[in-house]
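For reference, the structure is listed below as structure tokens.
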Amino acid sequence: MIQPQAIEIEQAVLGACLVETTAMAAVSPRLREEMFYDHRHKLVYAAMQAMYVAGRQIDILTVCEELRRRGELDNLGGPYFVTSLSATVAGSAHLIYHAQVVHEKYIRRRMILGFNKLFALSADDTTDPADTLGDAYRLLDEIENEFGRCVRLRDMEQLMRDTLAQAEIRREVGKDGVTGIPTGFTELDRITGGWQNGDLITVAARPSVGKTAFALHLAREAALAGHQTVIYSIEMAGERLGDRLILAQSGVDAGRWRNGQMKENELVLAAAAAGELSNVPIRVDDSGSISMDYICAGARMLHSKGKCSLVIIDYLQLSQMKHEKNRNREQEVAQAAHKAKMLARELNIPVILLSQLNRESENRPNKRPVLADLRESGGIEQDSDVVLLLYRPALAGLHTDKESGFPSDGLGVAIVAKHRNGETGNVYFGHNPSMTRMGDYVPSLQWMQKNAK
């Protein structure tokens with residue numbers, strides 16, 4: 001089988017780089033030496049790339065000298081081969097298109113090689129199918145990255161046009177200051193403008209504070225606003241998420257629901273809630289031990305079908321990590337968080353990532369978390385556009401929240417500890433004892449009268 005190739009176009013690209021002073025600047029961000037099919041072309045381009053990076057003049061004579069210095073000129077056929085490349089220049093007007101053709105042929109060869117390898121592994125009974133599946137996800141991820149490789153260098157005129165166009169879109173779609181996906185909390189919407197496309201939002205807390213409950217509230221609010229929401233639940237079975245969604249929708253007592261002691265009217269309410277939720281655009285994948293590669297591949301597939309405009313991952317530290325030598329746990333977690341950020345940018349959707357906090361906050365008198373408490377935090381903090389730290393003062397044994405003075409019963413605080421594009425601060429929310437229903441916190445009338453100035 002003849003592999004995809006375009007020898008004459010490769011020659012035209014190299015010829016243009018030899019004779020036109022601006023050609024290398026246009027081609028260098030788009031092509032790497034391995035993208036050329038002909039081995040001789042790889043060597044010539046590698047020499048020119050090194051010269052370009054070093055700021056050296058590129059022409060037939062200097063490239064021949066560089067190849068001679070590398071000991072490769074005679075193997076290529078001498079100066080004649082380099083000179084012959086300049087005879088195939090088609091003009092700079094076609095250079096970008098020619099570079100795209102070389103790039104496309106490389107991707108096709110990469111696909112053929114990768115899929116053939118997967119085919120062989122699939123037929124080998126001695127290999128673990130899970131490992132082969134992981135290889136498949138990584139291959140698709142690499143190919144997707146190659147497809148997304150494009151030059152984003154823009155002059156200020158173009159950048160200003162693009163920036164104003166986005167501002168106009170926000171003006172058209174913005175409702176009450178919410179330009180993204182609504183969060184369901186008035187103050188959080190004010191601070192963030194809603195979840196913005198391309199952003200990675202990390203929601204972090206200690207165990208049992210309510211990460212999953214908070215995420216389900218966000219998912220439900222987004223879906224009720226018409227946004228296609230996908231939840232990857234690594235920690236909890238889908239039915240348990242279904243329990244919480246039904247309880248939030250119906251108001252049925254969580255204790256009786258959990259113990260099977262529901263009253264007849266509660267069963268009717270639950271059935272009605274389930275019917276309503278059946279039409280809500282939420283999809284749940286509770287595959288359990290899954291990797292970030294699996295999540296990215298699944299989200300891409302759904303997005304291509306118009307069925308993914310928000311991704312929620314519950315939660316980061318439980319995602320399957322690829323263990324490699326000389327890499328510690330923090331580096332593995334950082335890589336997984338970075339993949340989540342790249343997914344957000346690639347699909348241009350918000351990705352909400354749930355994460356554990358370390359035990360440091362437990363040592364503080366009020367047990368209030370801070371940004372440094374993010375477990376294996378370096379990469380997570382770096383890649384996140386927004387970081388929310390969940391805090392419930394009642395779990396710390398406090399009767400009132402020290403900062404707001406609000407009574408702690410039924411009070412939750414979402415601390416906006418990082419916001420790359422805006423302000424930070426505290427968002428107070430109310431919740432019922434089972435954490436199945438949430439909303440804006442409204443102090444009791446008695447408290448307001450007592451604290452009125």
Side-chain angles (χ1 to χ4, degrees), residues 128-131 133-138 140-141 195 200-220 222-223 228-245 248 282-303 307-324 327-344 347 349-358 373-377 379-381 383-384 387-390 435-436:
D128 187 339
D131 291 338
L133 187 61
D135 289 339
Y137 287 135
R138 281 187 287 277
L140 291 174
D141 192 43
W195 305 132
L200 175 64
I201 302 101
T202 296
V203 178
R206 291 291 296 149
S208 301
V209 171
K211 292 188 301 295
T212 300
F214 189 84
L216 282 179
H217 172 84
L218 300 178
R220 182 167 167 266
Q228 299 282 343
T229 303
V230 184
I231 303 173
Y232 289 93
S233 178
I234 306 173
E235 181 180 34
M236 194 175 294
E239 288 80 4
R240 301 294 73 79
L241 300 183
D243 286 340
R244 297 185 180 206
L245 288 168
I282 295 178
R283 290 171 178 81
V284 176
D285 187 331
D286 62 349
S287 301
S289 182
I290 57 178
S291 66
M292 199 61 69
D293 290 332
Y294 172 93
I295 292 170
C296 291
R300 288 191 191 103
M301 181 187 69
L302 290 169
H303 187 265
K307 297 179 180 179
C308 178
S309 51
L310 172 67
V311 168
I312 298 176
I313 304 169
D314 183 14
Y315 62 91
L316 173 64
Q317 283 82 5
L318 285 182
S319 66
Q320 197 175 67
M321 306 290 178
K322 184 181 178 183
H323 302 290
E324 295 182 2
R327 196 167 71 178
N328 58 33
R329 174 68 177 178
E330 182 174 346
Q331 291 170 324
E332 291 174 349
V333 170
Q335 184 186 51
H338 185 66
K339 286 183 177 181
K341 171 58 181 176
M342 291 302 99
L343 178 67
L347 302 185
I349 62 172
V351 172
I352 297 176
L353 185 63
L354 274 59
S355 177
Q356 286 275 25
L357 290 175
N358 62 35
D373 295 337
L374 270 173
R375 188 175 174 185
E376 293 122 357
S377 63
I380 307 171
E381 180 181 343
D383 281 308
S384 298
V387 176
L388 302 181
L389 307 177
L390 301 187
M435 289 289 289
T436 52

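Everything numeric in this text was worked out from a predicted model, so none of it was measured.
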*asked:* Determine whether Leu216 and Leu245 satisfy the following criterion, side-chain contact (heavy atoms from CB on, under 4.5 Å), listing intermediate values before the conclusion.
replied: CA-CA 7 Å; Leu216 282 179; Leu245 288 168; 4.3 Å; yes

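Distance check: Tyr294 OH to Leu133 CG gives 8.5 Å after rounding to the nearest 0.5 Å. The structure places CD1 of Ile231 at 9.5 Å from CD1 of Ile352, a figure rounded to the nearest 0.5 Å. Remark: Ile380 CD1 to Ser355 OG distance equals 4.0 Å, nearest 0.5 Å. The CG atom of Leu200 sits 5.5 Å away from the CG atom of Leu353 when rounded to the nearest 0.5 Å. How far CD1 of Ile349 is from CG of Leu310: 7.0 Å, rounded to the nearest 0.5 Å. Here CG of Leu354 is found 9.0 Å from CD1 of Ile313. Values are rounded to the nearest 0.5 Å.
Within the structure, every pair that satisfies the salt bridge (charged side-chain N to carboxylate O under 4.0 Å, His left out) test and touches residues 203-216, not counting sequence neighbours, is listed here: Arg206-Glu362.
The two residues Cys296 and Lys339 have their closest heavy-atom pair at SG-O, 4.1 Å. Residues Leu374 and Ala204 share a closest heavy-atom pair of CD2-CB, 3.5 Å.
With sequence neighbours left out, Ala223 forms a side chain to side chain contact (heavy atoms under 4.5 Å, CB included) with Thr229, Val280, Pro281, Ile282. Among residues two or more places apart in sequence or in another chain, the side chain to side chain contact (heavy atoms under 4.5 Å, CB included) test is passed with Leu302 by Val230, Tyr232, Arg283, Lys307, Cys308. In this structure Thr436 satisfies the side chain to side chain contact (heavy atoms under 4.5 Å, CB included) test together with Leu247, Asn432, Ser434, sequence neighbours excluded. Partners of Met236 by side chain to side chain contact (heavy atoms under 4.5 Å, CB included), not counting sequence neighbours, listed by chain and number: Thr212, Ser233, Arg240, Leu241, Arg244.
Inter-residue side-chain proximity for His303 and Val311 is flagged as unmet; no heavy-atom pair is nearer than 4.5 Å.
A side chain to side chain contact (heavy atoms under 4.5 Å, CB included) with Val209 is found for one member of Leu390, Leu357, Leu389 and no other, namely Leu390.
For the pair Asp286 (side chain) and Gly238 (backbone), a donor-acceptor distance under 3.5 Å is present.
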